[in-house]
Amino acid sequence: MLSLCICGTAITSQYLAEKYRVNTPMLQSFINYCLLFLVYTVMLAFQSGPDSLLHILKRKWWKYILLGLADVEANYLIVRAYQYTTLTSVQLLDCFGIPVLMALSWFILYARYRVIHFVAVAVCLLGVGTMVGADILSGREDNSGSDVLIGDILVLVGASLYAISNVCEEYIVKKLSRQEFLGMLGLFGTIISGIQLLLVEYKDIARIHWDWKIALLFVAFALCMFCLYSFMPLVIKVTSATSVNLGILTADLYSLFFGLFLFGYKFSGLYILSFTVILVGFVLYCSTPTRTAEPAESSVPAAPSAGIGIDNLGLKLEESLQETHSAFL
């Protein structure tokens with residue numbers, strides 16, 4: 001479902017760019033952040049206690065500014081990269097965010113991976129390579145780019161910022177709350193994207209010849225993005241940011257399937273193969289849960305074996321405390 005939301009943003013953006021010559025990625029993101037602000041930031045404003053908006057701003061305002069900056073610029077840089085480099089480069093280099101995300105999860109969230117997780121990631125990336133090969137064979141790769149090096153750098157930076165944003169999202173929704181994450185992202189995302197909108201896109205916006213079709217495409221894009229941002233924390237909370245990013249690799253394939261009917265793309269059997277390979281990798285990754293290592297300063301003793309159970313662990317802790325107390329006396 002998240003992939004379908006991303007597919008919706010891709011299709012509406014392509015319609016705006018190809019049919020109406022509208023290229024305003026920052027305006028589109030600004031509308032999404034405004035929706036997040038109107039729903040989740042306002043909800044925070046009406047809360048009291050430690051979860052209230054003012055209390056959160058007093059303690060963590062600078063952290064959420066950095067998070068908002070990373071999220072806004074990640075969205076902007078990936079879209080802007082299409083002007084400089086090729087579709088193939090964007091699709092391949094965008095996968096750079098997955099190993100960055102795994103590394104950040106290892107050091108920040110103390111996630112510990114098994115061999116099957118690395119195999120699953122490799123299978124998913126193989127599926128992406130198959131999809132790119134299908135693009136080239138079907139003739140979709142017809143843009144050589146104006147400055148490939150700049151475009152590739154923008155993709156790598158954007159993918160890394162996405163990884164940072166996703167790791168922060170996983171930490172906040174698991175340790176704090178989904179509402180706090182979306183509310184603060186809506187607040188600072190609106191401010192940052194609004195300022196950047198005035199600096200870089202005001203001329204492009206002035207050239208738009210507005211009618212109901214263009215307005216409808218903007219509304220459709222904003223609703224797809226709002227659903228994506230609203231539901232992704234729910235999925236991340238019960239899985240992980242890495243597994244979600246592996247799952248949404250299928251978004252490009254959904255866009256290709258819709259493009260067969262909407263934009264006249266040529267069909268290739270490799271698209272079905274790549275979709276299947278990515279799904280196999282995704283199922284492999286989710287088949288075995290990752291471990292979470294305790295931080296070095298943690299005082300919680302490790303369980304002697306995997307099957308000790310919560311009750312037995314509680315008994316062990318109680319016995320340990322009794323022994324410590326006796327030794328002290």
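Residue numbers count from 1 along this sequence. As a basis for the values below, the full set of heavy atoms in this structure was taken, side chains included, without hydrogen atoms, waters or symmetry mates.
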Only counting residues at least two apart or in another chain, list the ones meeting side-chain contact (heavy atoms from CB on, under 4.5 Å) with [X].
X      : answer
Thr276 : Ile272, Val280
Ile108 : Leu104, Val167
Phe221 : Thr9, Thr12, Ser13, Gln28, Met225

By ring-ring contact (aromatic ring centres under 6.0 Å, His included), which residues pair with [X], not counting sequence neighbours?
X      : answer
Tyr254 : Phe275
Phe218 : Trp210
Tyr162 : none

Scan side-chain atoms only and decide if Tyr285 and Thr290 contain a donor-acceptor pair under the 3.5 Å cut-off.
no
Compute whether any side-chain donor of one residue and acceptor of the other, for Asn75 and Tyr33, lie under 3.5 angstrom apart.
yes
Please verify the inter-ring angle class for Phe118 with Tyr113; under 30° counts as parallel, over 60° as perpendicular, anything in between as tilted.
perpendicular
Would one find more than 12 heavy atoms of other residues, nucleotides or ligands at under 6.0 Å from atom OH of Tyr171?
no
Using the rule given for side-chain contact (heavy atoms from CB on, under 4.5 Å), can you reason through Leu176 versus Phe181, listing the C-alpha separation, both sets of side-chain angles and the distance that settles it, and then say yes or no?
CA-CA 8 Å; Leu176 303 172; Phe181 169 77; over 6 Å; no
Charged N to carboxylate O below 4.0 Å: is that the case for Lys175 and Glu180?
no
